[in-house]
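Values below: all heavy atoms of this structure, side chains included; hydrogens, waters and symmetry mates excluded. Bear in mind that the values here come from a model prediction, so they are computed numbers and not experimental data.
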Amino acid sequence: MRAPGRPARLLIPALLLPLALAACGGSDSDGGGTTSGSSASGSSSSDVTARLEASSKALAAVKSYHLVASQTDPDGYTTITGDITAEGRASVLVRLGPTALRLKVLPGAAYARGNAEYWTANLGKDGKAVADRIADTWVKLPASSADVTDLLDGFAPKTLAACLLVGNGTLKAGPQESIDGTPADVLIDAGDQPGTSPSRLLTATSGPPLPLRVVQTGPRRPGGTPDKRCDDPDDRSTASEATLSAFDRPVTVEAPDGAIELPGGDAGSGASS
C-alpha cells in the first residue's frame, strides 16, 4: 500500500531546470505483489484482501480530493498540500526546507512558481541569476517539451487506487481508530517482503471505504522490482504520511495571469488564479 504518488521530491520536475536556464540565458549541461494476507483477531486473510480491494475501487471512482502529505529522507523534510482532480487538473504546493514550488496543472499545460530559495538551491551556479529574474513569478512550461499532463499523474485517483494494491508485505487488520472524529478501519502492512515498507492504511468505516490516511512507519526493505507507477527506485525515505479528504469537492484550477513564456511554449495564459 504505497503512500499517494511517487516520493514528494519528484514533484519538483527536473524539466523546469534547463527551461528556466534557457529563459534566463544560462546553460547547463514491476514490481511488488498485490496482497499477502495474515489473519488478525476477527479478520481472515480474505477479509483483509477484500477490504483493501474495496478501498482501491472506491478511490478509483472519485473525481477530486484534497491532499496533505509529508516525507522524510536524507534530503530533509518535504511537505505537499494541494487539490487534485481525475480530469487532470491540480494545484499543489511543495516545500523542502526554505524552498517552495507551486504547480498548477491543467489538461495540456502546466505552470510553476518557485521562490528565490528554490531556484538558488536547484540551479547551482546559475541559481542566483535565475532567482533574481523569475523568483515568485509564474512560468509556463512548454507543452512541446514534455507531456505536462503527466507531471502529477502519480497523484491521479486511479493511479493512487492501483498503488494501494502494489508492494505489500504481510497484511493484518488493526484496531479501529478515528481521523478528526471519523471512524476508520486500519490495515497494517508489516513491510516484511523485498521492496516493501512497514505502513498503516486507514479507511472510512462508514460509506465508501475510501482511504483517509496512509502512514509509512519505516524505511523500504531492499530488493523487489519497483512499479513504475508507484515507486522511485532510489527511494530513501524513512517516514511519510498522506491524508486524503474533501472527496468529490468541486475544484477550480485556472491558468495564472501574466505567466512567463519559456522558449517553445504556447502563447497566452488563462484567467486569474
Side-chain angles (χ1 to χ4, degrees), residues 1-14 16-17 31-32 59 65-84 90-103 112 114-123 127 151-156 159-160 163-164 166-171 174 177-180 184 186-203 211-245:
M1 62 182 77
R2 299 295 190 219
R6 301 173 182 86
R9 58 187 174 80
L10 296 186
L11 275 181
I12 303 176
L16 281 174
L17 308 187
L59 180 57
Y65 70 95
H66 181 69
L67 172 70
V68 178
S70 63
Q71 176 176 286
T72 301
D73 63 20
D75 292 328
Y77 180 72
T78 305
T79 63
I80 306 173
T81 56
D83 296 288
I84 296 96
S91 178
V92 175
L93 170 63
V94 184
R95 292 186 180 275
L96 172 59
T99 70
L101 177 69
R102 292 185 179 272
L103 293 172
N115 64 3
E117 290 83 358
Y118 168 78
W119 295 116
T120 300
N122 285 283
L123 294 181
L151 282 177
L152 295 181
D153 181 63
F155 283 78
T159 304
L160 297 191
C163 291
L164 285 180
V166 165
N168 295 317
T170 302
L171 301 176
E177 299 182 20
S178 65
I179 300 177
D180 297 327
V186 179
L187 293 181
I188 300 172
D189 187 338
D192 55 354
Q193 300 298 319
T196 67
S197 303
S199 59
R200 299 165 65 251
L201 171 67
L202 282 69
T203 64
L212 304 179
R213 183 171 293 162
V214 183
V215 183
Q216 174 192 354
T217 57
R220 180 176 175 177
R221 184 180 289 266
T225 303
D227 185 292
K228 293 181 179 179
R229 300 165 301 173
C230 311
D231 297 322
D232 170 18
D234 301 319
D235 180 16
R236 296 179 295 162
S237 61
T238 56
S240 65
E241 181 172 324
T243 299
L244 282 63
S245 62

Can you confirm whether Tyr77 sits close enough to Leu96 that some side-chain heavy atom of one is under 4.5 Å from a side-chain heavy atom of the other? no
What is the minimum heavy-atom distance between Gly169 and Asp189, and which atoms define it? N-OD1, 3.0 Å
Would you check if the side chain of Ser70 reaches a backbone N or O of Ser240 as a donor-acceptor pair within less than 3.5 Å? no
For Ala184 and Leu212, work out which heavy atoms get closest and say how close. CB-CD1, 4.3 Å
Student check: side-chain heavy atoms of Gln216 and Val214 closer than 4.5 Å: no
Answer whether the closest heavy-atom distance between the side chains of Val94 and Val92 falls below 4.5 Å. yes
Taking the side chain as every heavy atom from C-beta outward, state whether Leu244 and Leu160 have any pair of such atoms under 4.5 Å apart. yes
Check: Arg220/Ser197 side-chain N/O donor and acceptor closer than 3.5 Å: no
Less than 4.5 Å apart, side chain to side chain, heavy atoms only: is that true for Ile84 and Tyr65? yes
Give a yes or no answer on whether the side chain of Asn115 reaches the backbone of Pro98 with a donor-acceptor pair at less than 3.5 Å. yes
Side chains of Thr170 and Asp192: do they bring a donor and an acceptor to under 3.5 Å? yes
Looking at side-chain heavy atoms only, is the closest gap between Thr203 and Leu187 below 4.5 Å? no
